[in-house]
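So that the names make sense, note that chain A is the first sequence line, chain B the second, and so on, each numbered from 1.
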2 protein chains.
Amino acid sequence: MDAITESSKSSVDGIIAALTEAVHEHRLQPGTKLREDEVCALFGVSRTIVRQALRSMAQEGLLTIRKNKGAMVSQPSLKEAHEVFQARALLEPSTARAAAQRASPEDIARLNAHIENEHAAVDRGEAGLALKLSGDFHLEIARIADQQTIEAFLRQLISRSSLVIALYWRRRNALCESHAHHALVDALASGDGEAAEQLMKGHLLDLLSQLDLREREAGPATLREALKR
Amino acid sequence: MDAITESSKSSVDGIIAALTEAVHEHRLQPGTKLREDEVCALFGVSRTIVRQALRSMAQEGLLTIRKNKGAMVSQPSLKEAHEVFQARALLEPSTARAAAQRASPEDIARLNAHIENEHAAVDRGEAGLALKLSGDFHLEIARIADQQTIEAFLRQLISRSSLVIALYWRRRNALCESHAHHALVDALASGDGEAAEQLMKGHLLDLLSQLDLREREAGPATLREALKR
DNA sequence: TGACGTGGGATCGTATACAATTTTCGCCTA
DNA sequence: TAGGCGAAAATTGTATACGATCCCACGTCA
(Lines give C-alpha, C1' and ligand atoms only; values in the text may rest on other atoms or scores of the structure.)
Protein backbone atom coordinates (compact mmCIF):
# COMPACT_ATOMS: atom_id res chain seq x y z
CA MET A 1 0.00 0.00 0.00
CA ASP A 2 1.72 3.11 -1.18
CA ALA A 3 1.70 6.59 0.26
CA ILE A 4 -1.60 8.16 -0.50
CA THR A 5 -1.80 11.88 -0.16
CA GLU A 6 -5.06 13.38 -1.26
CA SER A 7 -7.35 16.04 -0.01
CA SER A 8 -11.04 15.21 -0.02
CA LYS A 9 -14.22 16.69 1.25
CA SER A 10 -14.25 14.37 4.27
CA SER A 11 -11.30 12.44 5.63
CA VAL A 12 -13.47 9.37 6.01
CA ASP A 13 -14.69 9.50 2.42
CA GLY A 14 -11.16 10.01 1.22
CA ILE A 15 -9.90 6.94 3.02
CA ILE A 16 -12.81 4.87 1.76
CA ALA A 17 -12.19 6.04 -1.79
CA ALA A 18 -8.47 5.32 -1.66
CA LEU A 19 -8.84 1.88 -0.11
CA THR A 20 -11.73 0.95 -2.39
CA GLU A 21 -9.74 1.95 -5.44
CA ALA A 22 -6.82 -0.13 -4.25
CA VAL A 23 -9.08 -3.15 -3.90
CA HIS A 24 -10.67 -2.57 -7.30
CA GLU A 25 -7.26 -2.42 -8.92
CA HIS A 26 -6.13 -5.56 -7.11
CA ARG A 27 -3.33 -3.74 -5.34
CA LEU A 28 -5.00 -4.93 -2.16
CA GLN A 29 -5.64 -8.64 -2.41
CA PRO A 30 -8.41 -10.59 -0.66
CA GLY A 31 -7.18 -11.68 2.73
CA THR A 32 -4.89 -8.71 3.28
CA LYS A 33 -5.11 -7.53 6.84
CA LEU A 34 -5.65 -3.83 7.49
CA ARG A 35 -4.33 -2.81 10.88
CA GLU A 36 -5.90 0.36 12.18
CA ASP A 37 -2.69 2.05 13.27
CA GLU A 38 -1.14 1.31 9.92
CA VAL A 39 -3.98 3.02 8.06
CA CYS A 40 -3.84 5.88 10.57
CA ALA A 41 -0.20 6.48 9.77
CA LEU A 42 -0.79 6.32 6.03
CA PHE A 43 -3.52 8.92 6.04
CA GLY A 44 -2.44 10.95 9.03
CA VAL A 45 -5.70 10.77 10.97
CA SER A 46 -6.79 9.26 14.25
CA ARG A 47 -8.24 5.81 14.73
CA THR A 48 -11.68 7.32 15.14
CA ILE A 49 -11.73 8.25 11.46
CA VAL A 50 -10.10 5.07 10.26
CA ARG A 51 -12.55 2.90 12.16
CA GLN A 52 -15.45 4.75 10.56
CA ALA A 53 -14.00 4.03 7.15
CA LEU A 54 -13.32 0.37 7.87
CA ARG A 55 -16.77 -0.23 9.32
CA SER A 56 -18.37 1.43 6.35
CA MET A 57 -16.44 -0.70 3.89
CA ALA A 58 -17.27 -3.80 5.90
CA GLN A 59 -20.96 -3.00 5.64
CA GLU A 60 -20.52 -2.88 1.86
CA GLY A 61 -18.97 -6.32 1.93
CA LEU A 62 -15.53 -5.17 0.80
CA LEU A 63 -13.90 -5.80 4.17
CA THR A 64 -14.56 -8.37 6.82
CA ILE A 65 -14.27 -7.35 10.47
CA ARG A 66 -14.14 -9.94 13.21
CA LYS A 67 -14.42 -8.81 16.78
CA ASN A 68 -10.99 -8.23 18.34
CA LYS A 69 -9.38 -9.54 15.17
CA GLY A 70 -9.46 -6.48 12.99
CA ALA A 71 -10.31 -5.89 9.34
CA MET A 72 -9.16 -7.69 6.24
CA VAL A 73 -10.10 -7.59 2.59
CA SER A 74 -13.01 -9.99 2.15
CA GLN A 75 -12.60 -13.40 0.59
CA PRO A 76 -15.96 -14.19 -0.98
CA SER A 77 -16.93 -17.84 -0.88
CA LEU A 78 -18.02 -19.69 -3.99
CA LYS A 79 -21.63 -19.32 -2.91
CA GLU A 80 -21.18 -15.60 -2.42
CA ALA A 81 -19.52 -15.33 -5.82
CA HIS A 82 -22.53 -16.95 -7.44
CA GLU A 83 -24.90 -14.74 -5.53
CA VAL A 84 -23.11 -11.59 -6.63
CA PHE A 85 -23.43 -12.45 -10.29
CA GLN A 86 -27.00 -13.64 -9.90
CA ALA A 87 -27.91 -10.31 -8.36
CA ARG A 88 -26.15 -8.45 -11.13
CA ALA A 89 -28.05 -10.54 -13.68
CA LEU A 90 -31.30 -9.37 -12.07
CA LEU A 91 -30.40 -5.69 -11.91
CA GLU A 92 -28.19 -4.77 -14.81
CA PRO A 93 -30.06 -5.86 -17.94
CA SER A 94 -33.19 -3.88 -17.20
CA THR A 95 -31.03 -0.97 -16.08
CA ALA A 96 -29.28 -1.04 -19.45
CA ARG A 97 -32.69 -0.99 -21.10
CA ALA A 98 -33.67 2.09 -19.12
CA ALA A 99 -30.34 3.73 -19.92
CA ALA A 100 -30.95 3.26 -23.64
CA GLN A 101 -34.07 5.35 -23.31
CA ARG A 102 -32.34 8.21 -21.55
CA ALA A 103 -28.79 8.32 -22.88
CA SER A 104 -27.81 11.75 -24.17
CA PRO A 105 -25.04 12.37 -26.71
CA GLU A 106 -22.86 13.54 -23.82
CA ASP A 107 -23.47 10.24 -22.05
CA ILE A 108 -22.44 8.30 -25.13
CA ALA A 109 -19.32 10.41 -25.49
CA ARG A 110 -18.44 9.74 -21.89
CA LEU A 111 -18.90 6.00 -22.33
CA ASN A 112 -16.72 6.00 -25.41
CA ALA A 113 -14.07 7.89 -23.50
CA HIS A 114 -14.31 5.20 -20.85
CA ILE A 115 -13.69 2.49 -23.41
CA GLU A 116 -10.72 4.45 -24.72
CA ASN A 117 -9.23 4.52 -21.23
CA GLU A 118 -9.80 0.81 -20.84
CA HIS A 119 -7.97 0.13 -24.06
CA ALA A 120 -5.12 2.39 -23.05
CA ALA A 121 -4.81 0.66 -19.68
CA VAL A 122 -4.80 -2.77 -21.31
CA ASP A 123 -2.15 -1.64 -23.81
CA ARG A 124 0.03 -0.38 -21.00
CA GLY A 125 -0.40 -3.73 -19.29
CA GLU A 126 -2.09 -2.24 -16.26
CA ALA A 127 -4.60 -5.02 -15.74
CA GLY A 128 -5.75 -3.72 -12.37
CA LEU A 129 -6.58 -0.31 -13.70
CA ALA A 130 -8.37 -1.85 -16.66
CA LEU A 131 -10.47 -3.93 -14.31
CA LYS A 132 -11.45 -0.91 -12.25
CA LEU A 133 -12.38 1.05 -15.38
CA SER A 134 -14.47 -1.85 -16.56
CA GLY A 135 -16.42 -1.68 -13.33
CA ASP A 136 -16.84 2.05 -13.66
CA PHE A 137 -18.30 1.47 -17.10
CA HIS A 138 -21.11 -0.63 -15.67
CA LEU A 139 -21.73 1.94 -12.97
CA GLU A 140 -21.90 4.71 -15.52
CA ILE A 141 -24.78 2.92 -17.24
CA ALA A 142 -26.74 2.84 -13.99
CA ARG A 143 -26.05 6.53 -13.59
CA ILE A 144 -27.38 7.21 -17.07
CA ALA A 145 -30.50 5.24 -16.22
CA ASP A 146 -30.96 7.72 -13.37
CA GLN A 147 -31.59 4.95 -10.86
CA GLN A 148 -29.70 5.93 -7.75
CA THR A 149 -30.98 3.09 -5.60
CA ILE A 150 -29.98 0.44 -8.09
CA GLU A 151 -26.75 2.30 -8.74
CA ALA A 152 -25.84 2.03 -5.07
CA PHE A 153 -26.52 -1.71 -5.07
CA LEU A 154 -24.54 -2.09 -8.25
CA ARG A 155 -21.63 -0.19 -6.80
CA GLN A 156 -21.52 -2.75 -4.05
CA LEU A 157 -21.92 -5.72 -6.39
CA ILE A 158 -19.19 -4.48 -8.71
CA SER A 159 -16.86 -3.98 -5.77
CA ARG A 160 -17.48 -7.51 -4.68
CA SER A 161 -17.06 -8.70 -8.25
CA SER A 162 -13.52 -7.34 -8.08
CA LEU A 163 -12.88 -9.62 -5.14
CA VAL A 164 -14.46 -12.57 -6.93
CA ILE A 165 -12.31 -11.94 -9.97
CA ALA A 166 -9.19 -11.67 -7.82
CA LEU A 167 -9.96 -15.08 -6.35
CA TYR A 168 -11.54 -17.03 -9.16
CA TRP A 169 -10.33 -15.56 -12.45
CA ARG A 170 -9.32 -18.30 -14.83
CA ARG A 171 -6.80 -16.97 -17.35
CA ARG A 172 -4.75 -14.05 -16.29
CA ASN A 173 -4.24 -12.60 -19.73
CA ALA A 174 -7.60 -12.38 -21.40
CA LEU A 175 -9.69 -9.50 -20.13
CA CYS A 176 -10.91 -8.67 -23.60
CA GLU A 177 -14.40 -7.57 -22.84
CA SER A 178 -14.14 -4.18 -24.50
CA HIS A 179 -15.86 -5.73 -27.51
CA ALA A 180 -18.93 -6.29 -25.39
CA HIS A 181 -18.74 -2.79 -24.00
CA HIS A 182 -18.50 -1.35 -27.46
CA ALA A 183 -21.57 -3.21 -28.66
CA LEU A 184 -23.44 -2.01 -25.59
CA VAL A 185 -22.62 1.60 -26.29
CA ASP A 186 -23.87 1.17 -29.85
CA ALA A 187 -27.19 -0.12 -28.57
CA LEU A 188 -27.43 2.70 -26.06
CA ALA A 189 -26.54 5.29 -28.68
CA SER A 190 -29.30 4.09 -31.00
CA GLY A 191 -31.79 3.98 -28.15
CA ASP A 192 -32.40 0.26 -28.65
CA GLY A 193 -33.40 -0.80 -25.14
CA GLU A 194 -34.17 -4.38 -26.06
CA ALA A 195 -30.77 -4.88 -27.62
CA ALA A 196 -29.03 -3.22 -24.69
CA GLU A 197 -30.83 -5.51 -22.25
CA GLN A 198 -29.89 -8.63 -24.18
CA LEU A 199 -26.30 -7.52 -24.68
CA MET A 200 -25.93 -6.82 -20.97
CA LYS A 201 -27.40 -10.18 -20.08
CA GLY A 202 -25.00 -11.91 -22.46
CA HIS A 203 -22.06 -9.86 -21.24
CA LEU A 204 -22.68 -10.89 -17.65
CA LEU A 205 -23.00 -14.53 -18.60
CA ASP A 206 -19.76 -14.20 -20.51
CA LEU A 207 -18.01 -12.74 -17.48
CA LEU A 208 -19.38 -15.51 -15.30
CA SER A 209 -18.16 -18.15 -17.74
CA GLN A 210 -14.61 -16.85 -17.44
CA LEU A 211 -14.59 -17.54 -13.73
CA ASP A 212 -13.62 -20.83 -12.27
CA LEU A 213 -16.49 -21.34 -9.88
CA ARG A 214 -16.45 -25.11 -9.76
CA GLU A 215 -16.47 -26.55 -6.33
CA ARG A 216 -12.98 -27.25 -5.09
CA GLU A 217 -12.67 -30.72 -3.65
CA ALA A 218 -12.01 -30.21 0.03
CA GLY A 219 -8.40 -30.59 1.09
CA PRO A 220 -7.35 -33.53 3.26
CA ALA A 221 -9.36 -33.42 6.44
CA THR A 222 -6.63 -34.58 8.76
CA LEU A 223 -2.91 -34.14 9.03
CA ARG A 224 -2.44 -37.88 8.73
CA GLU A 225 -4.40 -37.77 5.48
CA ALA A 226 -2.27 -34.94 4.14
CA LEU A 227 0.98 -36.75 4.78
CA LYS A 228 -0.12 -40.08 3.32
CA ARG A 229 2.23 -40.50 0.38
CA MET B 1 -39.45 6.96 21.78
CA ASP B 2 -40.19 4.70 24.70
CA ALA B 3 -37.83 3.13 27.14
CA ILE B 4 -36.06 0.28 25.48
CA THR B 5 -34.30 -2.19 27.67
CA GLU B 6 -32.88 -5.16 25.92
CA SER B 7 -29.70 -7.14 26.07
CA SER B 8 -28.10 -8.15 22.81
CA LYS B 9 -24.91 -9.67 21.57
CA SER B 10 -23.45 -6.31 20.67
CA SER B 11 -24.58 -2.96 22.00
CA VAL B 12 -24.37 -1.47 18.54
CA ASP B 13 -26.48 -4.20 16.99
CA GLY B 14 -29.00 -3.88 19.79
CA ILE B 15 -29.43 -0.18 19.23
CA ILE B 16 -29.73 -0.65 15.50
CA ALA B 17 -32.33 -3.36 16.01
CA ALA B 18 -34.38 -1.32 18.44
CA LEU B 19 -34.32 1.84 16.36
CA THR B 20 -34.99 -0.03 13.13
CA GLU B 21 -37.96 -1.79 14.68
CA ALA B 22 -39.33 1.54 15.89
CA VAL B 23 -39.09 2.94 12.37
CA HIS B 24 -40.68 -0.16 10.86
CA GLU B 25 -43.60 0.11 13.25
CA HIS B 26 -43.97 3.82 12.56
CA ARG B 27 -43.32 4.76 16.15
CA LEU B 28 -40.47 6.84 14.76
CA GLN B 29 -41.79 8.99 11.94
CA PRO B 30 -39.80 10.28 8.98
CA GLY B 31 -38.21 13.59 9.88
CA THR B 32 -37.79 12.79 13.57
CA LYS B 33 -34.46 14.04 14.82
CA LEU B 34 -32.26 11.67 16.80
CA ARG B 35 -29.89 13.53 19.11
CA GLU B 36 -26.89 11.48 20.10
CA ASP B 37 -27.01 12.21 23.81
CA GLU B 38 -30.68 11.33 23.88
CA VAL B 39 -30.02 7.91 22.39
CA CYS B 40 -27.05 7.48 24.72
CA ALA B 41 -29.27 8.05 27.73
CA LEU B 42 -31.93 5.65 26.45
CA PHE B 43 -29.54 2.78 25.95
CA GLY B 44 -26.96 3.60 28.60
CA VAL B 45 -23.91 3.61 26.37
CA SER B 46 -21.40 6.19 25.23
CA ARG B 47 -21.63 8.30 22.14
CA THR B 48 -19.00 6.14 20.46
CA ILE B 49 -21.47 3.29 20.26
CA VAL B 50 -24.44 5.42 19.35
CA ARG B 51 -22.58 7.09 16.53
CA GLN B 52 -21.65 3.71 15.10
CA ALA B 53 -25.29 2.71 15.11
CA LEU B 54 -26.49 5.94 13.55
CA ARG B 55 -23.88 5.89 10.80
CA SER B 56 -24.72 2.30 10.01
CA MET B 57 -28.42 3.05 9.72
CA ALA B 58 -27.64 6.07 7.58
CA GLN B 59 -25.69 3.89 5.19
CA GLU B 60 -28.77 1.70 4.86
CA GLY B 61 -30.84 4.75 3.97
CA LEU B 62 -32.99 4.63 7.09
CA LEU B 63 -31.45 7.73 8.62
CA THR B 64 -30.06 10.86 7.05
CA ILE B 65 -26.99 12.46 8.60
CA ARG B 66 -25.92 15.94 7.67
CA LYS B 67 -22.58 17.23 8.83
CA ASN B 68 -22.83 19.10 12.11
CA LYS B 69 -26.61 18.78 11.97
CA GLY B 70 -27.11 15.29 13.31
CA ALA B 71 -29.28 12.35 12.32
CA MET B 72 -32.95 12.17 11.50
CA VAL B 73 -35.27 9.53 10.13
CA SER B 74 -35.09 9.76 6.34
CA GLN B 75 -37.84 11.30 4.28
CA PRO B 76 -37.68 9.57 0.91
CA SER B 77 -38.55 11.75 -2.05
CA LEU B 78 -41.14 10.66 -4.61
CA LYS B 79 -38.33 9.66 -6.95
CA GLU B 80 -36.72 7.58 -4.24
CA ALA B 81 -40.07 5.97 -3.45
CA HIS B 82 -40.45 4.93 -7.06
CA GLU B 83 -36.91 3.61 -7.17
CA VAL B 84 -37.43 1.49 -4.08
CA PHE B 85 -40.42 -0.27 -5.55
CA GLN B 86 -38.79 -0.62 -8.95
CA ALA B 87 -35.83 -2.33 -7.31
CA ARG B 88 -38.15 -4.61 -5.36
CA ALA B 89 -39.96 -5.48 -8.58
CA LEU B 90 -36.64 -6.59 -10.05
CA LEU B 91 -35.50 -8.66 -7.09
CA GLU B 92 -38.50 -10.19 -5.37
CA PRO B 93 -40.39 -12.09 -8.08
CA SER B 94 -37.46 -14.24 -9.12
CA THR B 95 -36.55 -14.70 -5.47
CA ALA B 96 -40.03 -16.02 -4.82
CA ARG B 97 -39.57 -18.42 -7.71
CA ALA B 98 -36.36 -19.70 -6.20
CA ALA B 99 -37.99 -20.00 -2.80
CA ALA B 100 -40.73 -22.19 -4.26
CA GLN B 101 -38.07 -24.67 -5.32
CA ARG B 102 -36.48 -24.85 -1.91
CA ALA B 103 -39.26 -24.34 0.63
CA SER B 104 -39.39 -27.09 3.25
CA PRO B 105 -42.48 -27.97 5.27
CA GLU B 106 -40.91 -26.14 8.21
CA ASP B 107 -40.52 -23.05 6.07
CA ILE B 108 -44.19 -23.19 5.07
CA ALA B 109 -45.20 -23.61 8.69
CA ARG B 110 -43.15 -20.61 9.65
CA LEU B 111 -44.71 -18.51 6.91
CA ASN B 112 -48.19 -19.52 8.01
CA ALA B 113 -47.33 -18.59 11.56
CA HIS B 114 -46.22 -15.23 10.22
CA ILE B 115 -49.55 -14.68 8.55
CA GLU B 116 -51.31 -15.65 11.79
CA ASN B 117 -49.35 -12.99 13.63
CA GLU B 118 -50.19 -10.43 11.00
CA HIS B 119 -53.89 -11.20 11.36
CA ALA B 120 -53.67 -10.99 15.12
CA ALA B 121 -51.92 -7.64 14.97
CA VAL B 122 -54.50 -6.27 12.56
CA ASP B 123 -57.32 -7.52 14.78
CA ARG B 124 -55.77 -5.78 17.77
CA GLY B 125 -55.56 -2.61 15.72
CA GLU B 126 -51.77 -2.49 15.90
CA ALA B 127 -51.22 -1.23 12.40
CA GLY B 128 -47.53 -0.52 12.95
CA LEU B 129 -46.80 -4.02 14.15
CA ALA B 130 -48.76 -5.47 11.26
CA LEU B 131 -46.72 -3.45 8.83
CA LYS B 132 -43.45 -4.66 10.32
CA LEU B 133 -44.62 -8.27 10.21
CA SER B 134 -45.61 -7.84 6.60
CA GLY B 135 -42.07 -6.74 5.84
CA ASP B 136 -40.66 -9.68 7.73
CA PHE B 137 -42.79 -11.98 5.60
CA HIS B 138 -41.10 -10.76 2.44
CA LEU B 139 -37.69 -11.14 4.04
CA GLU B 140 -38.48 -14.65 5.11
CA ILE B 141 -39.06 -15.61 1.50
CA ALA B 142 -35.60 -14.35 0.56
CA ARG B 143 -34.20 -16.36 3.42
CA ILE B 144 -35.92 -19.48 2.14
CA ALA B 145 -34.48 -18.84 -1.30
CA ASP B 146 -31.07 -18.98 0.40
CA GLN B 147 -29.92 -15.81 -1.30
CA GLN B 148 -28.07 -13.85 1.33
CA THR B 149 -26.91 -11.10 -0.97
CA ILE B 150 -30.37 -10.37 -2.29
CA GLU B 151 -31.76 -10.78 1.20
CA ALA B 152 -29.49 -8.00 2.42
CA PHE B 153 -30.61 -5.71 -0.37
CA LEU B 154 -34.23 -6.59 0.31
CA ARG B 155 -33.82 -5.86 3.98
CA GLN B 156 -32.77 -2.37 3.03
CA LEU B 157 -35.53 -1.94 0.47
CA ILE B 158 -38.20 -3.12 2.88
CA SER B 159 -36.92 -0.74 5.54
CA ARG B 160 -37.14 2.11 3.12
CA SER B 161 -40.57 0.92 2.04
CA SER B 162 -41.70 1.51 5.60
CA LEU B 163 -40.64 5.11 5.26
CA VAL B 164 -42.38 5.42 1.92
CA ILE B 165 -45.56 4.00 3.37
CA ALA B 166 -45.37 6.35 6.33
CA LEU B 167 -45.18 9.28 3.95
CA TYR B 168 -47.31 8.29 0.99
CA TRP B 169 -49.88 5.74 2.17
CA ARG B 170 -53.30 6.59 0.82
CA ARG B 171 -56.00 5.13 3.09
CA ARG B 172 -55.09 4.59 6.64
CA ASN B 173 -57.40 1.67 7.27
CA ALA B 174 -56.90 -0.83 4.49
CA LEU B 175 -53.74 -2.87 4.91
CA CYS B 176 -55.48 -6.04 3.82
CA GLU B 177 -52.71 -7.73 1.99
CA SER B 178 -52.80 -10.96 3.93
CA HIS B 179 -54.85 -12.41 1.09
CA ALA B 180 -51.91 -11.95 -1.20
CA HIS B 181 -49.55 -13.43 1.34
CA HIS B 182 -51.78 -16.44 1.74
CA ALA B 183 -51.88 -17.11 -1.97
CA LEU B 184 -48.11 -16.79 -2.10
CA VAL B 185 -47.64 -19.37 0.62
CA ASP B 186 -49.90 -21.75 -1.28
CA ALA B 187 -47.77 -21.41 -4.38
CA LEU B 188 -44.59 -21.90 -2.37
CA ALA B 189 -46.03 -24.93 -0.60
CA SER B 190 -46.89 -26.61 -3.88
CA GLY B 191 -43.50 -25.78 -5.34
CA ASP B 192 -45.03 -23.76 -8.16
CA GLY B 193 -42.27 -21.29 -8.92
CA GLU B 194 -43.97 -19.70 -11.88
CA ALA B 195 -47.10 -18.98 -9.85
CA ALA B 196 -45.05 -17.63 -6.95
CA GLU B 197 -43.17 -15.30 -9.26
CA GLN B 198 -46.36 -13.95 -10.82
CA LEU B 199 -48.10 -13.57 -7.49
CA MET B 200 -45.19 -11.66 -6.06
CA LYS B 201 -45.08 -9.39 -9.08
CA GLY B 202 -48.78 -8.69 -8.74
CA HIS B 203 -48.52 -8.19 -5.00
CA LEU B 204 -45.84 -5.54 -5.41
CA LEU B 205 -47.85 -3.74 -8.07
CA ASP B 206 -50.82 -3.86 -5.74
CA LEU B 207 -48.80 -2.32 -2.92
CA LEU B 208 -47.52 0.37 -5.26
CA SER B 209 -51.04 1.19 -6.40
CA GLN B 210 -52.08 1.87 -2.84
CA LEU B 211 -49.49 4.60 -2.54
CA ASP B 212 -50.17 8.16 -3.53
CA LEU B 213 -47.07 8.79 -5.59
CA ARG B 214 -48.51 11.40 -7.91
CA GLU B 215 -46.40 14.46 -8.27
CA ARG B 216 -47.52 17.17 -5.92
CA GLU B 217 -47.97 20.41 -7.81
CA ALA B 218 -45.26 22.67 -6.56
CA GLY B 219 -46.37 25.33 -4.13
CA PRO B 220 -46.42 28.96 -5.21
CA ALA B 221 -42.90 29.96 -6.15
CA THR B 222 -42.96 33.41 -4.61
CA LEU B 223 -44.49 34.93 -1.55
CA ARG B 224 -46.39 37.37 -3.73
CA GLU B 225 -47.84 34.40 -5.63
CA ALA B 226 -48.86 32.72 -2.41
CA LEU B 227 -50.76 35.74 -1.15
CA LYS B 228 -52.55 36.48 -4.41
CA ARG B 229 -56.21 35.92 -3.51
C1' DT C 1 13.28 -32.49 23.25
C1' DG C 2 8.64 -31.21 23.05
C1' DA C 3 4.36 -29.83 25.10
C1' DC C 4 2.38 -26.67 27.87
C1' DG C 5 1.80 -22.46 30.46
C1' DT C 6 2.71 -17.76 31.16
C1' DG C 7 4.05 -13.00 30.44
C1' DG C 8 4.58 -9.04 27.58
C1' DG C 9 3.66 -6.62 23.39
C1' DA C 10 0.45 -5.65 19.86
C1' DT C 11 -4.10 -4.74 18.51
C1' DC C 12 -8.84 -3.79 19.01
C1' DG C 13 -13.15 -1.87 21.77
C1' DT C 14 -15.14 1.73 24.54
C1' DA C 15 -15.29 5.89 27.15
C1' DT C 16 -14.03 10.39 27.82
C1' DA C 17 -11.94 14.88 26.83
C1' DC C 18 -11.48 18.57 23.81
C1' DA C 19 -12.39 21.29 19.47
C1' DA C 20 -15.54 23.05 15.96
C1' DT C 21 -19.94 24.20 14.60
C1' DT C 22 -24.64 25.26 15.12
C1' DT C 23 -28.53 26.84 17.62
C1' DT C 24 -30.77 29.58 20.98
C1' DC C 25 -31.91 33.46 23.47
C1' DG C 26 -31.29 37.89 25.49
C1' DC C 27 -30.19 42.54 24.54
C1' DC C 28 -29.69 46.59 22.06
C1' DT C 29 -30.94 49.72 18.45
C1' DA C 30 -33.50 51.93 14.85
C1' DT D 1 -41.76 46.42 18.42
C1' DA D 2 -39.22 44.09 14.73
C1' DG D 3 -34.82 43.04 13.40
C1' DG D 4 -30.11 42.12 14.03
C1' DC D 5 -26.02 41.35 16.69
C1' DG D 6 -23.45 38.51 19.92
C1' DA D 7 -22.45 35.57 23.65
C1' DA D 8 -23.60 31.30 25.85
C1' DA D 9 -25.60 26.77 25.56
C1' DA D 10 -26.24 22.75 22.97
C1' DT D 11 -24.75 19.53 19.68
C1' DT D 12 -21.73 17.25 16.68
C1' DG D 13 -16.74 16.01 15.03
C1' DT D 14 -12.18 14.36 16.23
C1' DA D 15 -8.44 12.91 19.10
C1' DT D 16 -6.73 10.66 22.91
C1' DA D 17 -6.73 7.72 27.05
C1' DC D 18 -7.73 3.53 29.10
C1' DG D 19 -9.29 -1.27 29.36
C1' DA D 20 -9.94 -5.91 27.19
C1' DT D 21 -8.48 -9.37 24.19
C1' DC D 22 -5.42 -11.75 21.36
C1' DC D 23 -1.03 -13.33 19.65
C1' DC D 24 3.56 -14.80 19.98
C1' DA D 25 7.72 -15.87 22.09
C1' DC D 26 10.11 -17.44 25.85
C1' DG D 27 10.88 -20.41 29.62
C1' DT D 28 9.82 -24.32 32.52
C1' DC D 29 8.96 -29.00 33.43
C1' DA D 30 8.10 -33.73 32.39
Separation of [X] atom [atom1] from [N] atom [atom2], in whole Å?
| X | N | atom1 | atom2 | result |
| --- | --- | --- | --- | --- |
| N68(B) | dT12(D) | CG | C1' | 6 Å |
| R47(B) | dA10(D) | CZ | C1' | 11 Å |
| I49(A) | dG13(C) | CD1 | P | 16 Å |
| D37(A) | dG9(C) | CG | P | 16 Å |
| D13(B) | dT14(C) | CG | P | 10 Å |
| R35(B) | dT21(C) | CZ | P | 21 Å |
| Q52(B) | dC12(C) | CD | P | 14 Å |
| R51(A) | dA15(C) | CZ | P | 12 Å |

Tell me whether T95(B) contacts the main-chain N or O of A142(B) through its side chain, where contact means a donor paired with an acceptor under 3.5 Å.
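Answer holds: no.
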Okay, side chain of Q52(A), backbone of V12(A): is any donor-acceptor separation there less than 3.5 Å?
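Side chain of Q52(A) to backbone of V12(A): no pair is present.
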Any L188(B) side-chain heavy atom under 4.5 Å of D107(B) side chain
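L188(B) does not reach D107(B) side chain to side chain.
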Taking all heavy atoms of M72(B) and all of K33(B), pick out the closest pair and write down the distance.
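Minimum heavy-atom separation between M72(B) and K33(B): CB-CA, 3.9 Å.
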E36(B) side chain: which of dT12(D), dT14(C), dA15(D) is closest?
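That would be dT12(D).
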Please check the phosphate of dT14(D) (OP1 and OP2 only) for any side-chain N or O of T48(A) closer than 4.0 Å.
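Looking at the OP1 and OP2 atoms of dT14(D), neither is under 4.0 Å from any side-chain N or O of T48(A).
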Assign each of K69(A) and V12(A) to its nearest nucleotide of DNA chain D by heavy atoms, then name whichever residue's nucleotide is nearer the 5' end.
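Final value for this comparison: V12(A).
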